[in-house]
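Input: a single structure, listed below in structure tokens.
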Amino acid sequence: MKSYRMYVRGEWIEAKSKAKREIFDPGNGELLATVPESGREDVIEAVKAAREAFDNGPWRNTTALDRGKFLFKISELIKRESKKLAELEVKNCGKPLAEAEFDAADAANCFEFYGGLATKIHGETMSVPANSMSFVIREPLGVCGQIIPWNYPLLMSAWKLAPALAAGCTVILKPSELTPLTALELAALIHEAGLPPGVVNIISGPGAGAGEELASNKLCDKVAFTGGTATGRKILEGASTNLKKVTLELGGKNPNIVFADCDLEAAIDGALFAAFANQGEVCSAGSRLLVEKSIHKAMVDGMLSKINRIKLGHGLTPGVKMGPLVSKAHLEKVQNYIQIGIQEGAKLLWGGQRPEGSEFTKGNFLMPTIFDNVTPKMRIAKEEIFGPVLSVIPFSTEEEAIQIANDTDYGLAAGVWSKNIFQAMRVIRQIRAGITWINTYHPTFNEMPWGGYKQSGWGRELGFHGIEGYLETKQININLDEAPINWY
Ligand code: NDP
């Protein structure tokens with residue numbers, strides 16, 4: 001069992017209180033590691049380190065080319081350690097190994113993409129009077145607090161750190177108290193890459209206290225948050241202390257709409273993947289399946305004929321397609337939603353309970369669950385469950401599908417399945433969501449912006465948009481006349 005320390009000012013430290021948190025494997029309950037349990041005083045120290053590194057250190061004046069090279073180096077180191085990182089991610093979060101391997105590769109690609117983008121940050125000039133020059137330069141935004149959730153700890157660390165570093169910012173990253181391990185391993189790789197002390201600080205600790213301090217600390221210029229919508233509101237309150245810049249990547253209750261003229265086999269396959277990848281612990285999960293009534297039976301029968309292929313087990317067991325939920329508390333929350341669905345009168349088609357067998361008793365396993373005949377007003381159709389629970393909602397017309405799809409406070413993601421491109425495009429244009437798919441679900445790219453409409457967030461991560469959130473914009477005006485203007 002490893003005893004981790006936090007990474008602050010280029011050094012490995014314990015919490016000032018010496019408090020520790022035990023980290024468990026959600027698939028078998030084994031103790032994996034201990035990490036420092038930081039409190040407000042530790043965050044204050046980490047923020048000071050990042051502030052000094054930004055104000056007095058070399059990072060923000062390092063050339064873009066050199067910043068890019070650091071990011072390429074981090075990318076290479078992640079690739080070198082990808083097997084170890086993926087296995088650790090499985091043990092800490094519960095996801096199947098194939099998904100964790102994908103995350104590690106994607107995290108490396110994210111650093112590589114932003115390594116390249118560092119040298120593409122550029123300004124602008126406009127036509128101004130001949131006796132003037134006016135131009136715009138982009139500068140690093142400053143010290144950034146970054147708070148991430150437990151479902152993609154390594155990948156979310158990359159999404160947060162890479163654009164901030166490419167822009168020349170310094171950062172304090174806090175992973176979830178449940179899943180800090182791969183972020184702390186990443187800190188070791190960043191140290192090996194040779195970034196100046198204080199540029200990256202990675203702390204372990206709870207949202208209450210440590211996270212709150214990071215959101216509200218007045219030495220931070222920005223807080224970038226990924227997590228639940230309710231927590232997002234608290235982040236905003238904290239950030240109001242000094243009106244720091246804020247980006248929010250929040251929850252979703254995403255519609256996946258299947259029209260009668262779709263390729264049925266592809267839609268069946270896609271609907272299961274949309275709902276159950278990463279145990280359904282995905283902000284963009286297609287958790288509301290809207291199905292045109294004429295193919296409702298065929299769609300449901302098709303899903304039931306395939307659902308047994310979702311093999312449950314510890315993520316490191318070969319062939320496993322669905323791991324345990326991240327914690328016992330989260331399992332109970334999802335089970336509670338299943339009870340709510342039953343009480344609301346939805347038809348439980350599959351799952352709804354823990355799998356039987358001795359291999360499942362020590363982990364937080366739950367069967368993939370499908371409710372049919374869900375109506376849009378039911379709580380299971382409205383609230384983010386963040387687990388393997390799919391609600392099937394039949395519809396009659398295109399207009400009704402759009403109305404149901406948009407009848408939500410969220411606006412993160414959406415999918416449409418149809419061979420009629422006119423219909424598919426018409427519907428996608430009507431849906432108020434930031435990430436959409438036609439005849440597929442889930443694939444996204446580091447090159448493209450990620451984020452939501454409505455209460456799914458503020459701003460965008462990834463792509464060119466992602467670096468914008470870490471840059472300030474300065475206008476510089478130059479007078480070309482040497483004589484005074486003699487206004488007075
Ligand atoms: P939470 O909102 O509970 O936590 C997210 C992070 O915020 C964690 O690091 C948590 O720390 C921290 N935190 C909790 N309370 C506070 C607080 N008061 N002040 C500052 N920080 C705090 O979300 P979950 O971890 O449960 O993740 C699930 C949620 O994340 C879902 O709603 C999901 O949709 C969303 N999400 C959104 C994504 C997107 O891109 N839009 C991507 C992935 C997830 P700790 O865990 O230590 O308490």
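Heavy atoms only: backbone and side chains are in, while hydrogens, waters and symmetry mates are out. Residues take their numbers from the sequence shown, with the count starting at 1. Both ligands and their constituent atoms are indexed starting at 1 by order of listing.
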Query - Identity and separation of the nearest protein heavy atom to atom 5 (C) of ligand 1 - result: T226 O, 3.6 Å

Requested in this report: Taking atom types as modelled, find out whether N92 and W150 have a side-chain donor-acceptor pair closer than 3.5 angstrom.
Outcome: no

Requested in this report: Tell me, please: is W450 in heavy-atom contact with ligand 1, that is, under 4.0 Å?
Outcome: yes

Query raised in the report: Which protein heavy atom lies closest to atom 43 (C) of ligand 1, and at what distance to 0.1 Å?
Result: N151 ND2, 3.2 Å

Query raised in the report: Do R21 and S204 have a side chain donor and acceptor closer than 3.5 Å?
Result: no

Report summary line: ligand 1 atoms nearer than 4.0 angstrom to some heavy atom of G205 are 47 (O)

Query raised in the report: Can you find an N/O atom of P149 closer than 3.5 Å to an N/O atom of ligand 1?
Result: no

Query raised in the report: Going by the atom numbers of ligand 1, which of them fall below 4.0 Å from some non-hydrogen atom of E177?
Result: 45 (P), 46 (O), 47 (O), 48 (O)

**Report entry** Protein residue, atom and distance nearest to atom 35 (C) of ligand 1, heavy-atom basis
**Finding:** G227 O, 3.2 Å

Report summary line: Near I235 (heavy-atom distance under 4.0 Å), the atoms of ligand 1 are 19 (N), 20 (C), 21 (N)

Query raised in the report: Counting only heavy atoms not in F273, do more than 12 fall under 6.0 Å of its CZ?
Result: no

Requested in this report: Locate the shortest heavy-atom distance separating P376 from K382; write the atom from each residue and the value.
Outcome: O-CG, 3.4 Å

Report summary line: So for E461 against ligand 1, with non-hydrogen atoms under 4.0 Å, the contacting part is neither

Report task. State whether the number of non-hydrogen atoms from other residues, nucleotides or ligands found under 6.0 Å of K321 atom NZ is greater than 12. Result -> no

Query raised in the report: Which bit of E212 gets closer than 4.0 Å to ligand 1, counting heavy atoms only: side chain, backbone, both or neither?
Result: both

Query raised in the report: Counting heavy atoms only, which of S284, G434, G211 is nearest atom 20 (C) of ligand 1?
Result: G211

Report task. Could you check which of T231, V223, I148 puts a non-hydrogen atom nearest to atom 8 (C) of ligand 1? Result -> I148

Report task. Give a yes or no on whether the backbone of I404 and the side-chain of R288 come within a donor-acceptor separation of less than 3.5 Å. Result -> yes

Report task. Grab the two heavy atoms, one from I380 and one from K253, that are nearest each other, plus how far apart they are. Result -> O-NZ, 2.9 Å

Query raised in the report: Closest non-hydrogen protein atom to atom 46 (O) of ligand 1, residue and atom name please, with distance?
Result: S176 OG, 2.8 Å

Query raised in the report: With backbone taken as N, CA, C and O and side chain as the heavy atoms from C-beta onward, which portion of I147 lies under 4.0 Å from ligand 1: side chain, backbone, both, or neither?
Result: side chain

Report task. Hey, can you tell me if W12 and Y7 have their rings parallel, tilted or perpendicular (30° and 60° cut-offs)? Result -> tilted

Query raised in the report: Under 3.5 Å, is there a donor-acceptor pair between the S3 and K20 side chains?
Result: yes

Report summary line: With heavy atoms and a 4.0 Å threshold, my read on which part of L250 contacts ligand 1 is backbone

**Report entry** Selected option - heavy-atom contact closest to atom 7 (O) of ligand 1, from F225, F386, W150
**Finding:** F225

Report summary line: Numbered in order shown, the ligand 1 atoms found under 4.0 Å of a heavy atom of P206 are 47 (O)

Report task. Report the C-alpha separation of Y4 and T34 in whole Å, then their side-chain angles, then the decisive distance to 0.1 Å, and conclude whether the side chain to side chain contact (heavy atoms under 4.5 Å, CB included) test is met. Result -> CA-CA 6 Å; Y4 282 85; T34 61; over 6 Å; no

Report task. For ligand 1, indicate whether the residue V282 contacts it via side chain, backbone, both or neither (heavy-atom separation under 4.0 Å). Result -> neither

Query raised in the report: Any side-chain donor-acceptor pair under 3.5 Å between R233 and Q455?
Result: yes

**Report entry** N254 (side chain) donor-acceptor with A285 (main chain) under 3.5 angstrom
**Finding:** yes

Requested in this report: Starting from atom 48 (O) of ligand 1, find the nearest protein heavy-atom neighbour and note its residue, name and distance.
Outcome: G207 N, 3.1 Å

**Report entry** T226 and K160 side chains, donor-acceptor separation under 3.5 Å
**Finding:** yes

Report summary line: The protein heavy atom nearest to atom 34 (O) of ligand 1 is E384 OE2, 2.5 Å

Query - Structural part of C283 in contact with ligand 1, heavy atom criterion under 4.0 angstrom - result: both

Requested in this report: Just jot down the ligand 1 atoms closer than 4.0 angstrom to any heavy atom of K234, in number order.
Outcome: 18 (N)

Query raised in the report: So, does T170 use its side chain to make a donor-acceptor pair with the main chain of A50 at under 3.5 Å?
Result: yes

Report task. Specify the protein heavy atom at minimum distance from atom 10 (C) of ligand 1: its residue, its atom name, and the distance to 0.1 Å. Result -> K174 NZ, 4.0 Å

